[in-house]
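Below is one structure, written out as structure tokens; the observations come after it.
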Amino acid sequence: MCISSILPTMAKQAKTAITPTRAENYPEWYQQVVKRSDLAENSAVRGCMVIKPWGCALWENYQQVLNGMFKATGHKNAYFPLFIPKRFLEKEAEHVEGFAKECAVVTHHRLEAGPDGTLVPSGELEEPLIIRPTSETIIGDAFSRWIESYRDLPLLINQWANVVRWEMRTRLFLRTSEFLWQEGHTAHASSEEAMEETERMLDVYADFAENWMAMPVITGEKTAAERFPGAIRTLCIEAMMQDRKALQSGTSHFLGQNFAKAQDITYQSEEGKLEHCWTTSWGVSTRLIGAMVMTHADDDGLRLPPRLAPSQIVILPMTSRADDPEAVLNFCRKIADDLRVIPYHGRHIEVEIDERDLRGGEKNWQWVRRGVPIRLEVGQRDMAADSVFMARRDQGHKDKQTIERTAFVSRVHDILEEIQANLYDQAIAFRKNHSCEIDSEEDFRAYFAPPSGEPTPPHGGFAWAHFCGDEDVEKRINDELSVTVRCIPLADGEPGTCIFTGKPSLKRVVWAKSY
RNA sequence: CGGGGCGUAGCUCAGCUUGGUAGAGCGCCUGUUUUGGGAACAGGAGGUCGCAGGUUCGAAUCCUGUCGCCCCGACCA
């Protein structure tokens with residue numbers, strides 16, 4: 001559909017809070033949702049974003065839950081420097097190759113007044129410092145000193161940090177020059193143990209994505225072409241966005257002994273032999289917020305899964321026509337107090353009362369756009385009937401219902417869980433509708449052929465097809481169709497024959513266009 | 001780094017072709033009427049038109065240079 005064909009009938013269509021809609025222009029819709037839901041905005045610095053309070057509160061909840069999961073699996077937090085000496089990065093050849101092109105480099109440590117009031121860098125550093133694009137090397141340096149004996153293993157460390165990758169093109173949350181993330185780094189005495197750790201942390205990510213973000217993911221392994229620089233194996237979780245593209249949402253790497261050898265991370269075994277450690281690294285970033293937006297948001301803005309929402313409930317007091325506005329407010333405060341003591345997934349239900357002096361409609365739509373799971377409109381009528389008027393973000397914005405106050409308080413936990421489940425079910429149904437098994441190259445090409453239209457409308461999806469693993473074929477398909485192997489699923493599959501070469505294939509792999 | 005586009009009020013943009021006192025909508029402030037759903041009316045604040053040169057009596061407008069941003073590719077979490 002092109003926009004010009006929509007305009008004449010626009011008046012008849014339901015007004016949406018976000019313009020354009022997903023169908024009209026998906027990338028622009030995404031940017032608008034992020035901005036209009038108050039998550040973040042572009043900053044004065046190229047490619048960097050300002051995360052606003054609403055987005056920051058959301059990220060804090062991600063951190064809190066993930067941090068708990070990391071602790072529960074035996075990891076401890078530490079913090080390493082932002083700067084990495086250049087020689088550290090030079091140690092692992094493949095690693096340098098992978099990141100060198102996108103590193104910010106600090107070469108001076110002082111500014112001096114130049115002509116016309118400008119500032120000129122001065123005091124050149126003897127060795128340039130690289131702003132970390134990831135911390136394998138600087139953490140590996142610490143590990144090489146911390147680990148002496150098999151008794152020091154496994155060493156399980158996580159850090160919450162910002163990293164910088166000087167990307168060519170950026171998009172809020174999905175790819176920014178600076179982003180927030182956590183990176184886990186572990187060292188083990190054996191290959192098997194390290195591989196178990198790699199799989200365990202992938203499971204943690206999948207658990208978080210599905211049970212907290214309500215975002216279905218496929219767990220799998222990357223092909224060599226998509227592997228992390230320096231890794232032996234890269235495991236990942238892949239999710240489908242509403243334009244049917246895949247988004248890599250988390251990765252867990254088995255690094256073998258590559259980094260241990262490059263950085264001299266050794267231990268003395270029980271038998272007294274000096275051995276190299278086996279290491280892993282794994283990370284998720286603020287990209288997960290972008291993933292949530294593109295999984296759940298609709299044409300009216302964000303839809304937050306209750307378990308991670310900064311506030312599960314907002315109360316909108318309708319005081320303008322009340323005989324006694326203060327009484328209505330007190331009624332609202334009482335409801336909030338009753339709700340705030342209800343436990344909800346390790347926290348308590350968070351309630352906001354929006355007493356701002358704004359018109360009802362304006363205020364209401366702000367919270368719709370921000371994606372709060374439940375809105376309660378409470379006025380004199382409700383107070384008189386001892387009830388609340390509830391709107392759920394997973395339902396149409398006119399499907400509101402009156403619920404007796406005490407019934408609402410006792411049911412609210414279940415309602416939130418229902419919303420959480422609904423979001424998940426809708427996402428998984430969407431993925432199912434746009435996934436299919438493909439058994440010939442011809443069908444494959446037809447599946448991914450873009451329909452006409454400017455901008456390109458959503459098309460394709462996840463194609464489950466047999467593939468022999470030939471790297472040249474993979475590259476050719478990427479060049480011709482912009483489609484890549486998102487992952488080789490970890491789940492069991494039936495053997496078959498490659499749709500491109502006719503050679504044997506162990507199982508179907510997932511092909512898709514991706515971010 | 002290639003290809004395209006754009007820098008004018010807080011935001012979105014018109015004005016530029018054909019040089020002559022800086023515009024609109026939204027937002028913001030004040031007032032009145034409103035208010036169970038994205039209000040109406042009236043008044044008001046707010047801009048040396050990205051920057052630097054040049055042409056001219058006179059430049060947002062023409063010329064040259066420069067910086068920045070956005071979009072599409074290549075690259076990537």
Side-chain angles (χ1 to χ4, degrees), chain A residues 14-19 25 27-28 31-32 35-36 41-48 97-103 116 118 133-134 162-183 205 222 225-229 234 236-239 246-253 281-291 300-301 316-322 325 328 357-369 375-385 387-391 397-398 400-402 454-456 478-479 482 484 486 514-515:
Chain A
K15 190 177 180 186
T16 57
I18 301 296
T19 310
N25 184 343
E28 181 60 24
Q31 307 269 10
Q32 289 303 321
K35 288 173 189 160
R36 303 264 290 154
E41 62 185 22
N42 280 314
S43 74
V45 186
R46 190 210 81 112
C48 296
E97 174 81 12
F99 285 104
K101 285 171 291 184
E102 51 185 42
C103 285
D116 359 307
T118 57
T134 178
N162 57 340
V163 288
V164 168
R165 297 182 189 176
W166 214 260
E167 301 289 355
M168 297 297 178
R169 249 186 87 200
T170 58
R171 298 181 73 183
L172 290 169
F173 288 114
L174 298 177
R175 184 173 301 107
T176 44
S177 297
E178 179 192 13
F179 57 93
L180 307 183
W181 78 343
Q182 59 69 217
E183 45 182 326
Y205 289 155
K222 287 296 185 191
E226 304 268 327
R227 203 177 280 150
F228 178 77
T234 288
C236 62
I237 51 173
E238 293 281 331
L247 183 75
Q248 177 175 308
S249 305
T251 46
S252 185
H253 313 291
S281 69
W282 29 274
V284 292
S285 70
T286 37
R287 169 178 267 199
L288 284 181
I289 291 180
D300 287 324
L316 306 166
M318 299 288 160
T319 52
S320 54
R321 279 174 109 186
V328 173
D357 179 25
L358 290 178
R359 284 182 305 278
E362 172 69 22
K363 209 192 269 193
N364 189 41
W365 280 99
Q366 277 189 20
W367 291 106
V368 171
R369 288 198 301 265
R375 306 189 302 285
L376 293 183
E377 299 170 11
V378 178
Q380 182 164 294
R381 291 209 300 261
D382 309 282
M383 185 172 67
S387 64
V388 295
F389 195 48
M390 175 184 71
H397 59 261
K398 286 185 175 162
K400 303 180 186 180
Q401 42 184 311
T402 295
E454 190 60 44
T456 310
N478 185 14
D479 291 345
S482 303
T484 49
R486 295 326 303 155
S514 73
Y515 279 93

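Rounded to whole Å, the C1' atom of B/G27 lies 12 Å from the corresponding atom of B/G46. With both ends at atom C1', the span from B/G38 to B/A42 equals 22 Å, rounded to whole Å. With both ends at atom P, the span from B/A9 to B/G25 equals 16 Å, rounded to whole Å. Atom C1' of B/C67 sits at a distance of 7 Å from the matching atom of B/C51, rounded to the whole Å. As rounded to the nearest Å, B/G47 and B/G4 have P atoms that lie 37 Å from one another. Spacing between B/C28 and B/U18 at atom C1', rounded to whole Å, works out to 37 Å. Distance noted for atom P between B/A24 and B/G65: 35 Å (whole Å). Taking the C1' atom of each, B/C11 and B/G19 are spaced 29 Å apart, rounded to whole Å.
Distance from the side chain of A/R175 is smallest for B/C76 among the nucleotides B/A74, B/G36, B/C76. Comparing atom distances between the A/R46 side chain and each of B/G38, B/C69, B/A74 picks out B/C69 as nearest. Proximity note for A/E167 (side chain, C-beta onward) versus B/C76, B/C71, B/U35: the nearest is B/C76.
Going from atom CD1 of A/I18 over to atom CD of A/Q32 covers 7.0 Å, rounded to the nearest 0.5 Å.
For A/K35 and B/U12, the NZ to P distance is 8 Å, given to the nearest whole Å. Remark: C1' of B/G27 and CZ of A/R359 are 11 Å apart, rounded to the nearest angstrom. With rounding to whole Å, A/K101 atom NZ is found 9 Å from B/C76 atom C1'. Atom CD in A/E362 sits roughly 10 Å away from atom P in B/G38 (whole-Å rounding). Rounded to an integer number of Å, the gap from CD of A/E41 to P of B/U12 is 11 Å. A/N42 has its CG atom 8 Å from the P atom of B/C71, to the nearest Å. Across the protein-nucleic acid pair, A/R171 atom CZ and B/G73 atom P stand 10 Å apart, rounded to whole Å. With rounding to whole Å, A/D479 atom CG is found 15 Å from B/G73 atom P.
For B/G36, the OP1/OP2 oxygens have no side-chain nitrogen or oxygen of A/R381 closer than 4.0 Å. Look at A/Q248 and you won't find any side-chain N or O under 4.0 angstrom from OP1 or OP2 of B/C76.
With sequence neighbours left out, A/D357 forms a side chain to side chain donor-acceptor pair (under 3.5 Å) with no residue at all. Residues passing the side chain to side chain donor-acceptor pair (under 3.5 Å) test with A/N42, sequence neighbours excluded: none.
Among the atoms of the strands shown, none is found under 4.0 Å from any heavy atom of A/L247. No engagement by A/T251 is indicated, since no non-hydrogen atom pair under 4.0 Å with the nucleic acid exists. As judged by a 4.0 angstrom heavy-atom cut-off over every strand, A/K400 is placed among the base-contacting residues. Across all strands shown, A/E28 has no heavy atoms under 4.0 Å from either base or sugar-phosphate atoms. The residue A/F389 sits close to a base: some heavy atom pair falls under 4.0 Å. A/R36 comes within 4.0 angstrom of a nucleotide base, judged by non-hydrogen atoms across all strands. Heavy atoms of A/Q380 sit under 4.0 angstrom from at least one base atom. In this structure, A/R369 reaches the bases: a heavy-atom distance under 4.0 Å links it to at least one base atom across the strands shown. Note on A/T176: a base of the nucleic acid sits closer than 4.0 angstrom, heavy atoms only.
A 4.5 Å side-chain heavy-atom check between A/Q248 and A/R486 finds at least one atom pair inside the cut-off. Here the side chains of A/L376 and A/F389 are not in contact, with every heavy-atom distance at 4.5 Å or above. Side-chain atoms of A/P229 and A/F99, non-hydrogen and from C-beta on, do get closer than 4.5 Å to each other.
Cation-pi geometry between A/R165 and A/W181 is met: the NZ or CZ atom falls under 6.0 Å from the ring centre, inside 45° of the normal.
The 5' end of RNA chain B is approached more closely, in terms of each residue's nearest nucleotide, by A/T170 than by the other of A/A225 and A/T170. Mapping A/A17 and A/F228 onto RNA chain B by nearest heavy atom places A/A17 at the nucleotide closer to the 5' end.
Counting only Watson-Crick and G-U wobble pairs whose two key distances fall under 3.5 Å, RNA chain B forms stems of three or more stacked pairs at B:1-7 with B:67-73, B:10-13 with B:23-26, B:28-33 with B:39-44, B:50-54 with B:62-66.
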Please assess A/Q366 against A/L358 for the test side chain to side chain contact (heavy atoms under 4.5 Å, CB included), listing each intermediate value before the final yes or no.
CA-CA 11 Å; A/Q366 277 189 20; A/L358 290 178; 3.9 Å; yes

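Within 6.0 Å of the CD atom in A/E97, the count of heavy atoms belonging to other residues, nucleotides or ligands does not exceed 12.
Using cut-offs of 30° and 60° for the angle between ring planes, the A/F228 and A/H253 rings count as parallel.
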